[in-house]
Every structure is written in C-alpha cells, then in structure tokens.
Amino acid sequence: MAAPLLRVQSVSKSFPGVQALSEVSLHVMPGEVLGLIGENGAGKSTLMKILAGVYSPDSGYLEWQGQEVRFGGPSEAIAAGISLIHQELNLAENLSIAENLFLGRLPSRWGFVQSRRMRQEAEHWLDQVGLGIPATRPLRSLSIAQRQMVEIAKSLSSDASLIIMDEPTSSLSVHESHKLFELIQQLKSRGVSVVYISHRLAEVAELSDRVEVLRDGRNAATLEFGQIDHDSMVRAMVGRELSRFFPHVPKQPGSVRLELDGVFLTPNSQKPIHLNVRSGEIVGLAGLVGSGRTEVLEAIAGMQGVYRGSIRVDGRELRSGSIRGAISAGVAMVPEDRRHQGLVTSMNVGENLTLASLEDVSLFGILSLGQERRLGQEQVESLRIKASSLRQKSSDLSGGNQQKIVFGKWMAKDPVVLLLDEPTRGVDIGAKQEIYLVMEQLAEQGAAILFVSSEIEEILGMSDRVYVMHEGGIHGHLHRDQMSEHSVMELAFGRG
C-alpha cells in the first residue's frame, strides 16, 4: 500500500479564549480527493491554515512525503508543494493573468523580467485548466469562475502536489462547477491530491474518495467511499438527526407589501418584470447566473435605478435609485457578498449590528454606548451569534456568524420587506437551518420576503411561490403545488 502524501498527527491549536483544534489527525493519499466537512467553527479553516504554513500547531506534527515538517510560513508550504486556494480569491486585480500566476517568482535574467517567457509559460498552465485566453489580459476583466481557474493554474505552475480548495463553487454557476469537477478528476489522474472543503454535500459526495468530518475542533468521523451519503455526513457533522431540514410552513398570506409593476431595469430589457410578495410570504426568485436576479433585488433596495415601471411598498411608490427612500419605506437587503457589502469587517460585532440603527441609539446626534450595547446584545441572543463579546472583530467570526450579523443589523429595524441574495452561501448546514428559522420568524411577524438562491433544494424547500427569471425578465411564476426541480429549470432555460 502506498504511503500517505500528508499525515496530520494529533494537532492542537488554540487562540485567546478559543480551543480551535484538539488532537486532530488525518491523512491524504497521492492522487486522492479528500472531502473535509464540518459546521462553521468546527476547525476546518484553522487546520488548512496550519497545512498552508499560515499557523503553527501548538502540539502534534505534520508529515509530508514521509518526513516530519514544520513550515515557517506560506512560502515554505508552497515550495514543498502545498497550495491553498481561499474562498476569497487572493489575486491582484490590477495585474495581468501572467503576472498573477508568477507573482513573487517572476522569471528574470540579469535583473530583467522575461515577459515573453512568462507569457508563454502562463498560457501553458492556462491551457492545462481549460482556460484558453491570452495571459496578457488584466485579471479585472475575468469572471469569478475564470479567476478560480487562474488560482488553480497558479497552484499547478508552482508544482503543487496537494491543492486545498476552500468552497471553490460558492460563486460558480452549475455549468462552471461541472467544469471545475472535470478538472479535479484530471488532477487526480495525474497524481495530484485535493482537499475539497464545501458545505454543498452533494458535491462532496460526488467528488470525494474519503470524507473527514470535524466537529467542535475534533475528529468526528471518517467516511470511506461506500459510506459517503447525505444523511451520514449530516449525522457526523451535527451529532444528531436533522429529520426536517427546511422548517417552512405555508401560511395564509396577508395584503400585498411589495409590488413591481411593468419594471424594465435597462433600456435594453426585453420583458417587463411583474411580481408581488404578500405579508407573511416567502417568495423565491430563481434563474441561471446572469439572468438578472440580483439586479431585481438591487433595484428594489434603491442600489440601482429602473428604466421604466414602478416599485411599491405597502402601496407607496419608491423613488428610483434611492437607498435612503427604500430603507425609510422598510426595505432591508442582505447582499450576496457579505464581507464587502454586508459588513464593515474592521468594525466589531456590536458596531456592525447597530450600523443601520444609529438614529435609534443616539440622542441629539450623539451615540449612546449603553443603548448600542443593549441593542447589539439583543440581536446576539436572538440569533445565537457565537462571539466572545460585542467587541470581537467581525472579520474573526465564521461565515455563518458573519451572515447572522448581517441579518441582525436589519432585524433591529423590523423590516416590512426583506430581500435576501443567496442568504446561505458559504455557511454550514447548522447555520443554514438557523437562517431558515429566522426567515420563518420574520414571515410570521408579517414581513414580505423575496430571496434569490442558486440551490434548487432551497428554493423548493422555503418558497410559498417562485418567480423564474430568464435573460433579464420574469419567464414564469409557480405556486407551491406546481414547483419541482424540473418545472423551475425548464423556465430558467427559457422553456415552458
């Protein structure tokens, strides 16, 4: 039997007030895809940063290709053949693709960069990942999916034997994800090993030779090839059965709270958008990536104007392109990109939670620190946000807890219309269910909820009705008894 490429033995790591890892062990074989799963806060990121040389373990050790190693930094891990592709891609937008691929190791001679050689080598690696585009193109001109492939090409160009992928499909379409899966199979056939971290369990089951499960910083289970299925992974992650994953219970809706009447987002729009959401309803907005789903939410929230038509909340027309007007009318939006649009990561938990409510915690324009603390603590307790204190930096929290903060910021305003763009993107299975419960709670209180999701199970499980978009317009409208994966996808592809 072949020896492991990597062995992690009894590794522990703590931070002030937090035991992140306790005696964690695992191994990765050559040419193997190892799935790594666990709820947010289970220790996955800490472990991967140890493998990538970002952190050093407090105890335990790593063996790489049969030798005990202790990396002094990321450059040493990369030199050894370990590459970590972060969920938040680590690329320089102002540089070309080639410059990004060889950043920190530019080919040079007599102190001059060999631009032609760099371009030729870059295009070789781009071809390897199926990205046949000029290496001289600026990175900023690429889609998220293309940038993901650039990161993988960068790993291959550094002669990586082990590539760690952290939530690689979180911003990819279904088609782009399948391209990535094909590439992973090609890497595997060449003997490159992959550690695949994802909250999308269907992907983990499809790709993995084995699955390692972490829970509360410890090994919870190792699932061999024949044992990998959705229920087994869920049981191992949360330590209990999730007999009912989607908690949505259809209710008798009230009056129309949100209405879009004949809306054209741009002069080039081909179809008008008509939709409405009633009090107490949760309505899904489905469609392929690029169909215009996010743009609809942004128009309602005043983040962009509309070319024609009207948007009304409780019968009152909103001023086109006015964020202030939308907020005053009771509209709240949880954006897809929580780190850049939903949070101020340099602020602490309490400051973020009260960011939308400064008028409510101020007197004559002067912030009341006591009222700010009380309001922040109410949201922490209501949403069960796991933070050491209100003063903890938001950037230090898990993805699920960051998302709860974005929810909490708007829940403090008691919104009448809640817009959610990919509300469970990049959060674990336990945090997903807690977010669904928050949606249910707000609907019960009379809010009208319109949400975008690329996960068809989420659309079917949480929606009273669903509007399906195609090429910038509403192509179909389904009630709950008409909703199925087939019916939604037919409309998303412009059929039906």
Side-chain angles (χ1 to χ4, degrees), residues 93 131-134 137-148 171-177 179 256 258-277 283-313 316-327 329 331 333-337 340-342 417 419-423 425 448 450-456 459 463 465-478 487-496:
E93 291 192 355
L131 199 59
I133 58 177
R137 278 182 58 178
L139 188 92
R140 69 169 68 89
S141 69
L142 271 58
S143 68
I144 292 293
Q146 290 173 319
R147 295 182 193 194
Q148 188 80 257
S171 298
L172 304 188
S173 68
V174 172
H175 175 71
E176 291 163 342
S177 296
K179 286 287 187 185
V256 173
L258 170 68
E259 185 174 17
L260 276 67
D261 185 13
V263 168
F264 288 84
L265 296 178
T266 70
N268 298 322
S269 298
Q270 299 298 310
K271 302 176 185 175
I273 296 170
H274 298 276
L275 67 79
N276 65 73
V277 187
V283 174
L285 189 59
L288 303 179
V289 172
S291 62
R293 302 169 304 170
T294 294
E295 289 78 3
V296 169
L297 298 193
E298 290 179 348
I300 299 167
M303 296 167 66
Q304 63 169 278
V306 301
Y307 176 66
R308 188 187 303 165
S310 63
I311 300 173
R312 294 187 288 273
V313 173
R316 179 183 174 188
E317 186 169 344
L318 299 184
R319 180 182 171 191
S320 177
S322 171
I323 295 174
R324 184 183 294 274
I327 292 174
V331 176
M333 179 167 172
V334 175
E336 178 183 8
D337 188 347
H340 293 101
Q341 295 180 300
V417 173
L419 310 172
L420 308 175
D421 195 356
E422 303 285 3
R425 172 182 175 256
L450 179 65
F451 80 103
V452 165
S453 178
S454 298
E455 295 188 31
I456 192 69
I459 289 285
S463 302
R465 296 181 289 122
V466 59
Y467 291 94
V468 186
M469 296 195 67
H470 176 71
E471 295 183 350
I474 300 294
H475 190 66
H477 174 218
L478 301 170
S487 62
V488 172
M489 294 311 296
E490 282 285 295
L491 291 170
F493 281 104
R495 299 188 289 266

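Note that the coordinates shown come from a computational prediction; the quantities given were computed from them, not determined experimentally. What you see below is based on every heavy atom in this structure, not just the backbone, and it leaves out hydrogens, waters and symmetry mates.
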Do you know which two heavy atoms are closest between [X] and [Y], and how far apart they sit?
X: Val331; Y: Ala301; answer: CG1-CA, 4.2 Å
X: Val452; Y: Pro423; answer: O-CD, 3.4 Å
X: Lys271; Y: Gly473; answer: CB-CA, 4.1 Å
X: Leu265; Y: Ala299; answer: CD2-CB, 3.8 Å
X: Ser320; Y: Gly305; answer: OG-CA, 3.2 Å
X: Gly302; Y: Ala326; answer: N-CB, 4.3 Å

Rounded to the nearest 0.5 Å, what's the gap from [atom1] on [X] to [atom2] on [Y]? Could you check?
X: Ser141; Y: Ile133; atom1: OG; atom2: CD1; result: 7.0 Å
X: Glu295; Y: Ile300; atom1: CD; atom2: CD1; result: 12.0 Å
X: Thr266; Y: Arg308; atom1: OG1; atom2: CZ; result: 10.5 Å
X: Leu260; Y: Tyr467; atom1: CG; atom2: OH; result: 9.0 Å
X: Ile311; Y: Leu275; atom1: CD1; atom2: CG; result: 9.0 Å
X: Leu419; Y: Phe451; atom1: CG; atom2: CZ; result: 12.5 Å

Between Val296 and Ile273, does a side chain to side chain contact (heavy atoms under 4.5 Å, CB included) hold up when you go through it step by step?
CA-CA 9 Å; Val296 169; Ile273 296 170; 3.7 Å; yes
Could you go through the side chain to side chain donor-acceptor pair (under 3.5 Å) check for Ser454 and Glu422 one step at a time?
CA-CA 7 Å; Ser454 298; Glu422 303 285 3; 2.5 Å; yes
Return yes when atom CZ of Arg137 has more than 12 non-hydrogen atoms of other residues, nucleotides or ligands closer than 6.0 Å, and no otherwise.
yes
Side-chain donor or acceptor of Arg147 paired with backbone N/O of Arg140 under 3.5 Å
yes
Between the main-chain N or O of Ala492 and the side-chain N or O of His470, is there a donor-acceptor pair closer than 3.5 Å?
yes
If we only count heavy atoms from C-beta on, is the [X] to [Y] side-chain gap below 4.5 Å?
X: Arg465; Y: Asn276; answer: yes
X: Arg425; Y: Glu336; answer: yes
X: Leu450; Y: Leu297; answer: yes
X: Gln341; Y: Met303; answer: yes
X: Ile474; Y: Val468; answer: no
X: Val466; Y: Leu285; answer: no

Any residue meeting side-chain hydrogen bond (donor to acceptor under 3.5 Å, both in side chains) with Ser322, in chain and number order, not counting sequence neighbours
none
What pairs with Thr294 under side-chain hydrogen bond (donor to acceptor under 3.5 Å, both in side chains), at least two apart in sequence or on another chain?
Asp421
Check step by step if side chain to side chain contact (heavy atoms under 4.5 Å, CB included) holds for Ser310 and Glu317.
CA-CA 7 Å; Ser310 63; Glu317 186 169 344; 3.5 Å; yes
Sequence-distant partners of Arg312, salt bridge (Lys or Arg N to Asp or Glu O under 4.0 Å), two or more places apart:
Glu259, Asp261
